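What you see is a predicted model; the values in this text were computed from it and never measured.
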Amino acid sequence: MKPPPGKSIVTVDVLKDKGYEPLAYRYLCLGAHYRTQLEFSYESMDSATKSLKNLRAQACGYLKEAGEKIAETQNSRTWKDKFTAAMQDDLNAPKALAVTWEALKSDLTAAEKVDFLRFADSILAIDVFKAPIEEKVDVPAEVVALLEQRQAARVAKDWAKSDALRNAIASAGYIVKDTPQGQQVTKK
């Protein structure tokens, strides 16, 4: 197959060689209606990768929170019906993805969200319950020192100092998130 003049073909193997997951490409494709031409760019791949990673992080969080309590309820059934209606509307996958994100923002319980996500993923097939890979972040010594000071400020309940240190860490190019397991740091 020869590409049109001025265009090139990007295969999944090329994307994999560049570090992209094939399902991120699938997510990108689901974001465009099949009747429209998809304008591919590496920026759009980066965005799709980030969105898929966020979706998976939320899904895994809800799965962990729900534990064994997962069962269909009328609330999750309602969201499944909205999702199905979107797909039945000329296979409107972008609308179905939007319904998925709306359901995650809704007041459904964690168990109901997991039930809905299992249903949605049976159609979207983007492996939403795949745990995101934790990226190893090399944190400079200066930022580690700021993190230690921030932790001490939090223990002392000095919230103003804690916030100031969070801003200093952000200025250094890192984002700190407080979790039950402690501070987690990611590069901006």
Working for side-chain contact (heavy atoms from CB on, under 4.5 Å), residues Val185 and Ile175: CA-CA 6 Å; Val185 182; Ile175 299 170; over 6 Å; no
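A distance of 5.0 Å separates CG in Leu147 from CD in Gln183, rounded to the nearest 0.5 Å. Once rounded to the nearest 0.5 Å, the distance linking NZ of Lys113 with CG of Asp107 reads 8.0 Å. Between atom SG of residue Cys29 and atom CG of residue Leu23 there is a gap of 11.0 Å, rounded to the nearest 0.5 Å. One distance of note links CE of Met87 with CD1 of Ile123; it measures 6.0 Å at 0.5 Å rounding. With rounding to the nearest 0.5 Å, the separation of CG in Asp158 from CZ in Arg150 is 11.5 Å. The CG atom of Asp81 sits 8.0 Å away from atom CZ of Phe119, with the distance rounded to the nearest 0.5 Å.
Taking all atoms of both residues into account, the shortest heavy-atom contact from Pro94 to Ala32 is CG-C, 3.6 Å. Closest non-hydrogen pair, Ala96 versus Ala86, comes out as N-CB, 3.7 Å. The minimum heavy-atom distance between Ala48 and Ala24, with the atom names listed, is CB-O, 3.5 Å. The minimum heavy-atom distance between Ile70 and Ala111, with the atom names listed, is CG2-O, 3.9 Å. Residues Ala66 and Ala110 come closest through the heavy atom pair CB-C, 4.0 Å.
Looking at heavy atoms from C-beta onward, Asp178 lies in side-chain contact with Arg154 at the 4.5 angstrom threshold. The shortest distance between side-chain heavy atoms of Leu146 and Tyr174 does not fall below 4.5 Å. Annotation: side chain of Arg35 is not in contact with side chain of Leu91 (no heavy-atom distance under 4.5 Å). By the 4.5 Å heavy-atom criterion applied to side chains, Thr100 and Val128 are not counted as neighbours.
Partners of Glu21 by side chain to side chain donor-acceptor pair (under 3.5 Å), not counting sequence neighbours, listed by chain and number: Arg56, Lys130. Every residue two or more places apart in sequence or in another chain that forms a side chain to side chain contact (heavy atoms under 4.5 Å, CB included) with Glu148 is listed here: Val144. Residues satisfying the salt bridge (Lys or Arg N to Asp or Glu O under 4.0 Å) test with Arg118, not counting sequence neighbours, are none. Under the side chain to side chain contact (heavy atoms under 4.5 Å, CB included) criterion, Glu102 pairs with Trp79, Ala98, not counting sequence neighbours. Taking Asn54 as the reference, Lys50, Trp101 meet the side chain to side chain contact (heavy atoms under 4.5 Å, CB included) condition, with sequence neighbours excluded.
A distance-only check finds no donor-acceptor pair linking the side chain of Gln58 to the backbone of Leu104 [under 3.5 Å]. Of the possible polar contacts, none joining the Ser76 side chain to the Glu72 backbone as a donor-acceptor pair under 3.5 Å is found. Judged by distance alone, with hydrogens and angles left aside, the side-chain atoms of Arg166 form a donor-acceptor pair with the main-chain N or O of Val176 at under 3.5 Å. Put simply, the side chain of Arg26 gets close to the backbone of Ala125: a donor and an acceptor are under 3.5 Å apart. Remark: the backbone N or O of Lys95 is not paired with any side-chain donor or acceptor of His33 at under 3.5 angstrom. The main-chain N or O of Leu124 is never found under 3.5 Å from a side-chain atom of Asp121 such that the two would form a donor-acceptor pair.
Through direct or indirect side-chain contacts shorter than 4.5 Å among Ile, Leu, Val, Met, Phe, Trp and Tyr, Phe40 is connected to Val10, Val14, Leu15, Tyr20, Tyr25, Leu28, Leu38, Tyr42, Met45.
With no hydrogens or angles considered, no side-chain donor-acceptor pair links Ser47 and Ser44 at under 3.5 Å.
Note: the hydrophobic cluster containing Phe129 also contains Leu97 (ILVMFWY, side chain heavy atoms under 4.5 Å, direct or indirect links).
Considering Asp115, Thr78, Asn75, Val114 in turn, Asn75 is the only one that fulfils the side chain to side chain contact (heavy atoms under 4.5 Å, CB included) rule with Leu108.
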